[in-house]
Number of protein chains: 2
Amino acid sequence: MGYRILETEDIAGYLRERGHWGTDEPEVREVSDGNMNRVFLVTATDRTRGLAVKQALPWVRVAGPSWPMSPERADAEARAYEQVAKVAPDKIPAIHGYDSDNYALVMEDMSDLEVLRTILNEGGTYGPDTSRRIGEFVAQLSFATSDFGMPSAERKALIAASVSPELCKITEDVVLSEPYLEHEHNHWHPGLDDLAVAFRSDPRLRTEVAELRHLFMTGAQALLHGDLHTGSIMVGTREGAPVVRVFDPEFSFVGPIGFDLGLYWANTLVSAARADALGVEGDHGDQLRLSWDAFRAEFRRLWPTRVDTFFDDAFLDRFLDRVWTESLGFAGAEIVRRIIGFAHLTDLTTLPDPVPASRRALLLGRELIVRRAELTSPEDVEALLR
Amino acid sequence: MGYRILETEDIAGYLRERGHWGTDEPEVREVSDGNMNRVFLVTATDRTRGLAVKQALPWVRVAGPSWPMSPERADAEARAYEQVAKVAPDKIPAIHGYDSDNYALVMEDMSDLEVLRTILNEGGTYGPDTSRRIGEFVAQLSFATSDFGMPSAERKALIAASVSPELCKITEDVVLSEPYLEHEHNHWHPGLDDLAVAFRSDPRLRTEVAELRHLFMTGAQALLHGDLHTGSIMVGTREGAPVVRVFDPEFSFVGPIGFDLGLYWANTLVSAARADALGVEGDHGDQLRLSWDAFRAEFRRLWPTRVDTFFDDAFLDRFLDRVWTESLGFAGAEIVRRIIGFAHLTDLTTLPDPVPASRRALLLGRELIVRRAELTSPEDVEALLR
Ligand SMILES: Nc1ncnc2c1ncn2[C@@H]1O[C@H](COP(=O)(O)OP(=O)(O)OP(=O)(O)O)[C@@H](O)[C@H]1O
Ligand SMILES: Nc1ncnc2c1ncn2[C@@H]1O[C@H](COP(=O)(O)OP(=O)(O)OP(=O)(O)O)[C@@H](O)[C@H]1O
């Protein structure tokens, strides 16, 4: 693993070497605010040009070398961008190059956009386009990399290339088991003690989460983003038009489509709980419906282009119903782990009193998991929200 | 692909080179009777020792170079044997070595045993051990290579290593689509014309087969044998004890467990149809129950040894129920394709009048596919048989 770990002062030279930058001296600043990797922004002094460089270290950035982690997660990120670029290039940053020797990705500077979670936490709303684009994004990526959109042999190669043991294990642990066990990772607000205890001794919940865990481990349906929360989405306006960009697909692997939708839904539902707690009027509660409708419409729009025409329209109906149900389950698991598991959501933790909203969200999460088969439409979920 | 294609006269030298044989000159004869590969039996002139050599050619043996096929199928076979050897060494031939450069496997000579299908076609029965051992075989291999028996990261490596695009495509086509379409591969006895036509224009059947096809393509549950029919099983007696050996796992890949059980069941049900047509008394109709009971008992016996204890007992119950249902569906698809698809079963084709038994088997196959969710026990299937 002897590769070159880039520091701020190396970036300009590195970009020149790789043909991404001319002789002028750019401004470079590190903006890493995630847990895992380093991100540098590179700007021409006259502001006419910018780039971003993201490099994976052989460890978790915030923890340092004491928590080693294979930098091959950058390969997964590059591979995911490569697949998305074929079918939804307007929904990701433009990728200028990937240097697999150094696990470094050079991409479009998106610093004119803002991370969706930040906007929401500051009292903003989703706006009319965001969830629609996200639903389309999931449909486009998943259709293209499913057995509907990709020839059988190519799919098998993608499955083999995209296994991601280390990052999948993180999800299997922190999302799909630990919150339901005694585990040192878990922590929660004391006002949630009773629910945390109850969730760890709830046989029905446990079995349903085991189902979701197994589906996550074995359901090789399509290439996923793998970590599609509101912190992996940037939004803004360019030349008067709304822009939505999904980024950070380092958890990408071939898994169940409902995992991407579910993660996003969980984050929208938690944002709705926050808005509600603060008495903010907004569109937060509509986002599950908007993204599902867009996903489904886009998947149906793509269906006639499928490469495998043995799959008939009646199968599509069933398949979409199943994706719906599975997405609800994953949404529930994501909500729960974000409140009583390892990594919590600022949406709730920064509330003046996080307890009431967290309790409601936890109970909603549980319902989504155990009653997912009975909830047949976004309206059913909206009714639970109220 | 410049590797050494072994002819009968090369075998002794080849085995010596690789340290499998001494200076004495063995008798070597080619016994290839399958479609795909070459098999040689090697025997010491004093009969004290024997070996078998199986080599994959870069084409389908019976078709010749005009039908190219990657010899990497031999890698899949060796990999499957390697996994089985860890957990069920008594149920496969002893493997003495695999030469991946030449796609050649050196293994135990089993010529003292007989292929199960041959025994059945000659009027014999299964005997008390065969299906029990087969059920155990599927349980042992599938448990060990599932997320229950194998640590998450090792499983991901196995999934990546065992993708088998070319051979999976054969199954996807000849088992899980062609029989329900107009296709030049299909052929059938004229006495089945009406059913062949009906099966190709049966929307319910089509959608259910599409479900099975999708499950086959995406259900990465465990390493499968992949072609577990009665022609892949040898039985006999050694030192007074019954011996059952599963061989020819070249279609092995990580897929849905029910596919292995279903294939076996289909073959037992067809053998029952044959016995019935001939008025042979026998145990043919009991084999689904015997193998299912043995599978389930062995899987439950192994359950407490699972490496992933998040999966609880209630989950196991559900999981086994699902394997049951899926197995029935695959059994139905295998029956149908063996009668109106590409490759037919001698069990039926060698009957004096194959039509009545074939018609009954086809209708049974359809029931298994479309009504699999309603059939809850082996007794339900036995009732359909009558
Ligand atoms: N192309 C870009 N343009 C501008 N800013 C970016 C770009 N990529 C990343 N960033 C900034 O860097 C931050 C971290 O990026 P990213 O989420 O990809 O890194 P990470 O370490 O993988 O994060 P996580 O720990 O969430 O997985 C983002 O939140 C964003 O503020
Ligand atoms: N180890 C062995 N000992 C004795 N005979 C063997 C052995 N292996 C295979 N045979 C004989 O060779 C035949 C072909 O073997 P096998 O089924 O493995 O080959 P194949 O070409 O892959 O067949 P298929 O076309 O069914 O896939 C068997 O039916 C059996 O008669």
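What you are looking at is a predicted structure, and each value in this text was computed from that prediction instead of being measured. In what follows, chains are A, B, ... by sequence order, proteins preceding strands, each numbered from 1.
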Counting only non-hydrogen atoms closer than 4.5 Å, does B:Val209 touch chain A with its backbone (N, CA, C, O), its side chain (CB onward), both, or neither?
both
Is the distance between the ring centroids of B:Phe310 and A:His214 less than 6.0 Å?
no
With a 4.5 Å limit on heavy-atom distance, are the side chains of A:Glu172 and B:Asp147 in contact?
no
Exercise: identify the closest heavy-atom pair between B:Asp312 and A:Pro203:
OD2-O, 4.2 Å
Pick whichever of A:Ala220, A:Ser146, A:Ala314 has the most heavy-atom pairs under 4.5 Å with chain B.
A:Ala220
Heavy-atom closest pair (B:Gln221 atom, A:Thr218 atom, distance to 0.1 Å) is CA-CG2, 4.1 Å
Value rounded to 0.5 Å, distance of CZ in B:Phe253 from CD1 in A:Ile159
10.0 Å
Minimal non-hydrogen separation, B:Thr207 against A:Phe315, with atom names
CG2-N, 3.7 Å
Given side chains that start at C-beta, do those of A:Lys156 and B:Glu166 come closer than 4.5 Å, heavy atoms only?
no
Counting heavy-atom pairs under 4.5 angstrom with chain A, the leader among B:Ser162, B:Ala153, B:Pro256, B:Ser177 is B:Ser177
Kindly check if the number of other-residue, nucleotide or ligand heavy atoms within 6.0 Å of CD (B:Glu374) is above 12?
yes
A:Lys169 NZ to B:Arg155 CZ distance, which is reported to the nearest 0.5 Å:
13.5 Å
Sort out for me which of A:Met217, A:Arg206, A:Glu208 touches chain B most, counting heavy-atom pairs under 4.5 Å.
A:Arg206
A:Arg322 and B:Glu211, any side-chain heavy atoms less than 4.5 Å apart
yes
Sort B:Arg204 into side chain, backbone, both or neither according to what part of it lies under 4.5 angstrom from a heavy atom of chain A.
neither
Quick one: of B:Cys168, B:Ser152, B:Ala161, who has the most non-hydrogen atom pairs under 4.5 Å with chain A?
B:Ser152
Tell me which of these, A:Val254, A:Val163, A:Leu316, A:Leu181, has more heavy-atom pairs under 4.5 Å with chain B than the rest.
A:Val163
Under 4.5 Å to a heavy atom of chain A? For B:Asp313 that would be neither
